Asker: 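Below you will find the structure I want to go over with you.
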Amino acid sequence: MQNPNENEKAPELAKGYEHREVEARWYPFWQERGYFHGDEHDRTRPPFSIVLPPPNVTGSLHLGHALTATLQDVLVRWKKMSGFNTLWLPGTDHAGIATQMIVERELKKTEKVSRHDLGREEFLRRVWIWKERFGSRIGQQHHALGASLDWQRERFTMDEGLSRAVREVFVRLYEEGLIYREKKLINWCPDCRTALSDLEVEHEEAHRGELWSFAYPLVEPAQGPAGTITEIVVATTRPETMLGDTAVAVHPDDERYRDLVGRKVRHPILGREIPIVADAILVDPKFGTGAVKVTPAHDFNDFEVGKRHGLELVTVIDVDGRMNANAGPLAGLDRFEARKEVKRLLAEKGLDRGTQPHVLPLGRCQRSQTVLEPMLSDQWYVKIEPLARPAIEAVEQGKTRFIPEQWTNTYMAWMRNIHDWCISRQLWWGHQIPAWYCPDGHVTVARTTPSACATCGKPELRQDEDVLDTWFSSALWPFSTMGWPDQTDTLRTFYPTSVMETGHDIIFFWVARMMMMGLHFMGEVPFRTVYLHPMVRDEKGQKMSKTKGNVIDPLVVTEKYGADALRFTLAALTAQGRDIKLSDQRIEGYRAFANKLWNASRFALMNLAGHEERGEDVSTLAASPAERWILARLQRTVNETVAALEAFRFNDAANAVYAFVWHELCDWYIELAKEALYGEDLALKHATQAVLVRCLETSYRLLHPFMPFITEELWHVLRTQVKAQAWPDSILAAAYPQTGPVDEAAERSFGPVLGIIDAIRNIRGEMGIPFKVKLGVQAKVEIAVADQATHDLLLAGELARIQRVAGVEGVNVTLAAATPPAPQSAVGVGPGFEVRVPLAGVIDLAAETARVDKEIAKVEQDLAGIERKLQNPSFVQKAPPEVVEKDRARAEELREKRGKLDAHRAMLSGSEANPARRDSMENQNEQKPSVEVPAEAAPAPAPAPAPVEQQEAPSPVVQTAEKIVAAGAEAAQSAIEAVKSGVEAMVEKAKSVARAPAAAKPARKAAAKKKPAARKAAARKPAKAAVKAAVKKAAPRKAAKAAAKAAPKKGAKKAAPKRVVAKRAARKPARKPARKPARKPAARKAPARRAARKGKR
RNA sequence: GGGCGGAUAGCUCAGGGGUAGAGCGUCGCCCUUACAAGGCGAGGGUCACAGGUUCGAAGCCUGUUCCGCCCA
């Protein structure tokens, strides 16, 4: 098939991403090119195979299936791109009961006939028609989801080949003595009219029923310890079963009934005599009257009692839930009507001994929710223990591992006390049991229809009418679908499968049984890894079910939001250990992500004119810091994504790419790149374009397993745009990005640039300065950086980016510890830099003071915590040296930061102390308009931050400030003119801030906190609590004192009186923080998101 | 009755000994020519409770309370 984009000359992307149009195009493209086909002859590439858990053929996929499809497709596409020979094998399950019920119901509705009216053959013909008609919907749904399934290998459990496998397995197990037929009590569904296995019973934990007591009259009165006994009272939750009672049991040690054992009671309705037996297992003498009625044919416990005491088995309920002839006068009644009738009859006879509410467990049919009936019947069983043992060992030996690991226990527990598996079902739709009976009752089990009885040779044979449990055939799925019992190349190449990915709800039904069958018939586990995904629930956390009406068709979602958005959502929510609550809101968010990616690409295309992909090594081209930085972040993202995929942490993988694309590539790099893209420096422009292309195409490849459609689309568009002939003609044929070393130096050295921008943006945001009001117009923005490298880097070009991104016009960079003080400014401080934004005339001292106080409080809190740690000798001695060193560096950084903020704060309060000065400023028009301090003019460090004592006398800082204030008066005046438009809002804000000082809010909050709790906390961790409380008050100075006062000696010491710290900071101000970045991404598990968000690197 | 899981920001949830995070929602500013499905900034946490281990606990251990699920 032709590349759908090949004809397009100059791709021009639509303004927004239109998933409908794009998603319709690519599935046929992939399929027709054979990308989905697993090659059984290819032995050069390592194989990677998954068999799709077969959905019910007549059903339609719900979101649980969508999750299955998504996760498996993520794995398969990822592995394919990583060089594996992948096979993902699709198929459907005939789903015996479910399908038969649907078709029966439909026949009843449309033709008013039952399956019995039609006869077996005709009925089955109808089911096949039904299957053909509705089976295709599942395929369509998988197409819409983008599932890269190998449709050439699609299978159906009732296919000829799979049916052959089923017969083969049945016969072999029978021959090995592992399949047998026996009359036992089974769970019977009167509605489905079939036997069920234990697993198909849903236990209703606490059904509110009632316990009804009645008296059995003794045939002959007896003497008890308390006098003559004429009756024995028993209680039951199921009165109708008394018609099948064949004993009354008491405990052998029970004094009350000792003389009664061996005697008889008379059945009040049927008249027969019933023995009284002693049974220590069944009877709890403390419960009720201590006497129990026994119905061996209708109760599992009673059945055992019957075996122990050789009791008669009387079946009174028929397959349809009605009373049979053994029920005497009640024959023909429905079991629940019979219940009422029994009570009525016994009340008439004066034997009713009352009713009381009772909570009991109740078994219901998984399929129809009907209350199940224990029923005595002939059924086929698999003797399971010999099969379970190897399946246990395989897991113990690590041949198959479960993810999440905790499922191992669940699997083991079930396997270790597993019961024989009832595999026969009284249905027509399914694999008919390959057993034939002759008139003499001999059984012949054979692969093909036998002509004569294997035992007596009689030719009149009748095949067993029952079919096999659907799970019997699906247990063979991993090898029956690959051609077994033939030894095919497909089996040789792709068995065992690599991963079994399915919901944890079918770990017993399916996973465990596949393990047993795989090991038994293939001699090898069916899969190396079992990944069990969580359940998808609605946004209220409810299980999706038809009866609740909250089932969502994936097609509806893909139509509305796009398959990519749905897939990404599901992957991003698939964390181990918790169910998924899916909401539209969430999907909308990821649709926005698709749009974001689209628009980032759109931007690139608009700025790639003339750029061609020449296969250059981008890392050598990209000498400039921003380029090196984004490439380092990209590599880190690749590493994180691949590591997460390898560990089946789908959410981590999805989030890593998401965070990179949105918060680093789009929020940061694209903005930073504009300077070069719009600029005149061709070499820089070229390098930037190359890096942009690299980032985008790598992101596409990273994302492709999650969002196949949009990435394929963009891949082609970009490929065409940059004439990248070397790129494969489908992203699915491209290589998945490879892990590699991260350029940490690039990440570190770029930190100050991001920090400076952040600082300026913060000032803007907090002071409410709109972006269109440029900063540094009258008086320049001052940036002081502490180390030469950063200084050089800024002047070499990064400064221009900062200006563009932060909206700065005039700027001045100095190599210094701090910027010159200026009271009409806001200051931002980070590791290794200080930024001063002049806001002459605009600045609101209260607002800036509040902002700085907030910042100081934060620093105080962090610093107090760290210093407390560092002052603890055992921490320094016992903690790993790296940790201690890290904390020391961090403390140093914080002290420096606080020193700078303190200095700024001190100056602000100096200005505040003389508000009149501000008014006078506006009248001093004669002054020189500039406060410019050229870089060269300030080589020496600025005056040391003011120690606290100097507040009392005019400090050097304040003196300097005063000078500058005087000098800057005119600047202030003109700045007012300049920013007039933007100011009004600021003034408003300033006023409100002035009215309600920042201190008020936290203080109120602190007051609202419950005092006892705070005190309690303080008692436990004095220093921490005190500091915390102090910070909440948002008056750092006072708070520090309060903390010192409140805390016991130890705490006070740890609270590190501000004065001392300020001095210490002043003593060594010029530490080079660039060496110790605030955040060292490598050291953190998931640094990207946080770091990106805060922009602190 | 046994087992497993969960309790972290208003909501939905990540994180699993070393500076408490995301998405959505909230608040403020902005249509800054990729994107208003957007940008910038901000606020928001006794990590259920009580003990213990540790230099250090949201995480590990013990117990308690609630909420799920599985098995009998």
Side-chain angles (χ1 to χ4, degrees), chain A residues 13 15-17 198-199 203 361 404 406-407 409-410 413-414 417 504-505 507-508 535 539 541 543 561 565 569 572-573 575-583 585-586 588-607 649 651-652 655 658-659 663 666-667 670-671 674 678 757-758 761-772 804-807 851 854 861-863 865-866 868-869 872-880 882-884 886-887 890 894 982 985-986 989 1001 1005 1009-1010 1013-1014 1016-1017 1020 1025 1028 1078-1079 1083-1086 1089-1090 1093:
Chain A
L13 291 189
K15 199 174 172 190
Y17 174 53
D198 300 346
L199 280 179
H203 296 280
Q406 74 242 20
W407 292 112
N409 291 334
T410 309
W414 188 73
N417 92 77
H504 63 69
D505 53 338
I507 184 169
F508 307 138
M535 300 290 103
E539 53 193 315
K543 212 169 175 175
Y561 300 106
T569 307
L573 293 181
Q576 293 181 8
R578 211 189 290 217
D579 285 351
I580 296 176
K581 280 185 214 169
L582 193 66
S583 68
Q585 235 182 10
R586 206 71 198 239
E588 273 169 30
Y590 290 113
R591 176 181 60 181
F593 175 60
N595 191 54
K596 191 75 182 172
L597 182 70
W598 181 265
N599 274 291
S601 306
R602 182 164 177 266
F603 167 81
L605 292 179
M606 294 166 78
N607 290 284
R649 294 194 321 261
N651 60 327
D652 286 345
N655 287 329
Y658 177 97
H663 299 308
C666 292
D667 287 351
I670 285 184
E671 294 308 319
K674 285 176 181 171
Y678 301 160
I757 293 170
D758 260 347
R761 280 177 172 172
N762 179 273
I763 289 167
R764 266 191 190 284
E766 295 272 291
M767 308 295 282
I769 305 167
F771 189 79
K772 67 185 165 203
R804 171 181 288 276
V805 173
R851 197 183 67 84
K854 197 169 71 183
Q861 187 181 17
D862 290 356
L863 189 57
I866 292 180
R868 196 174 58 250
K869 259 162 82 174
N872 181 350
S874 42
F875 170 71
V876 181
Q877 278 162 29
K878 294 183 184 171
E882 321 75 91
V883 174
V884 178
K886 220 173 92 185
D887 278 350
R890 167 102 177 121
L894 286 170
M986 282 180 268
K989 183 186 167 114
K1001 196 176 162 195
K1005 199 174 164 180
K1009 291 268 174 198
K1010 292 213 167 173
K1016 222 171 174 182
R1020 206 168 63 236
K1028 212 165 177 181
R1079 278 164 213 275
R1084 306 229 12 116
K1085 289 253 166 67
R1089 278 147 277 177
R1090 214 166 75 190
R1093 187 81 204 115

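Chain letters run A, B, ... following the sequence lines, proteins first and then strands; every chain starts at 1. Just so we're clear, the structure is a prediction, and the values are computed from it rather than from any experiment.
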Asker: Measuring only the P atom in each nucleotide, how far is B:G39 from B:G51? A whole number of Å is fine.
Answerer: 46 Å

Asker: Does the structure show a Watson-Crick or G-U wobble partner for B:C35, both distances under 3.5 Å? Name it, or say none.
Answerer: none

Asker: Identify whether any heavy atom of A:Tyr678 sits under 4.0 Å from a base atom; if not, whether one sits that close to sugar-phosphate; answer base, sugar-phosphate or nothing.
Answerer: sugar-phosphate

Asker: When all nucleic acid strands are considered with a 4.0 Å heavy-atom cut-off, which category describes A:Lys581: base, sugar-phosphate, or nothing?
Answerer: sugar-phosphate

Asker: Once you apply a heavy-atom cut-off of 4.0 Å, does A:Gln877 come out as touching a base, just sugar-phosphate, or nothing?
Answerer: nothing

Asker: Using salt bridge (Lys or Arg N to Asp or Glu O under 4.0 Å) as the criterion, list what pairs up with A:Arg761, not counting sequence neighbours.
Answerer: none

Asker: Using a 4.0 Å heavy-atom cut-off across all strands, classify A:Arg586 as base, sugar-phosphate, or nothing.
Answerer: base

Asker: Touch check for A:Arg764, heavy atoms < 4.0 angstrom, all strands: base, sugar-phosphate only, or nothing?
Answerer: nothing

Asker: Using a heavy-atom cut-off of 4.0 Å across all strands, would you classify A:Ala600 as base, sugar-phosphate, or nothing?
Answerer: base

Asker: Would you say whether A:Phe771 stacks on B:U32? The test is a distance between ring centres of less than 5.5 Å and an angle between planes of less than 30°.
Answerer: yes

Asker: Which residues pass the ring pair (Phe, Tyr, Trp, His ring centres under 6.0 Å) test with A:Phe593, not counting sequence neighbours?
Answerer: A:Phe568, A:Tyr658

Asker: Just verifying a value: how many Å separate A:Gln585 CD and A:Thr569 OG1, rounded to the nearest 0.5 Å?
Answerer: 12.0 Å

Asker: Is there a Watson-Crick or G-U wobble partner for B:A14 with both distances under 3.5 Å, and which nucleotide is it?
Answerer: none

Asker: Give a yes/no on whether any side-chain N or O of A:Asn762 is located under 4.0 angstrom from OP1 or OP2 of B:A42.
Answerer: yes

Asker: For A:Ile763, answer base if it contacts any base atom (sugar-phosphate contacts may also be present), sugar-phosphate if it contacts only those atoms, and nothing otherwise; contact means non-hydrogen atoms under 4.0 Å.
Answerer: nothing

Asker: Taking the C1' atom in each of B:G44 and B:G23, what is the distance between them to the nearest angstrom?
Answerer: 15 Å

Asker: Under 4.0 Å between any heavy atoms, over every strand shown, what does A:Asn409 touch: base, sugar-phosphate, or nothing? Just pick one.
Answerer: nothing

Asker: Going by purine N1 to pyrimidine N3 plus the second Watson-Crick contact, or the G-U wobble pair, all under 3.5 Å, which nucleotide sits opposite B:C49?
Answerer: B:G63

Asker: Heavy atoms only, 4.0 Å cut-off, all strands: where does A:Tyr17 land among base, sugar-phosphate and nothing?
Answerer: base

Asker: Does A:Pro880 reach a base, just sugar-phosphate, or nothing at all? Heavy atoms under 4.0 Å.
Answerer: base

Asker: Which part of the nucleic acid, if any, lies within reach of A:Lys854 when heavy atoms closer than 4.0 Å are counted: base, sugar-phosphate only, or nothing?
Answerer: sugar-phosphate

Asker: Applying a 3.5 Å limit to both distances, which nucleotide forms a Watson-Crick or G-U wobble pair with B:A20?
Answerer: none

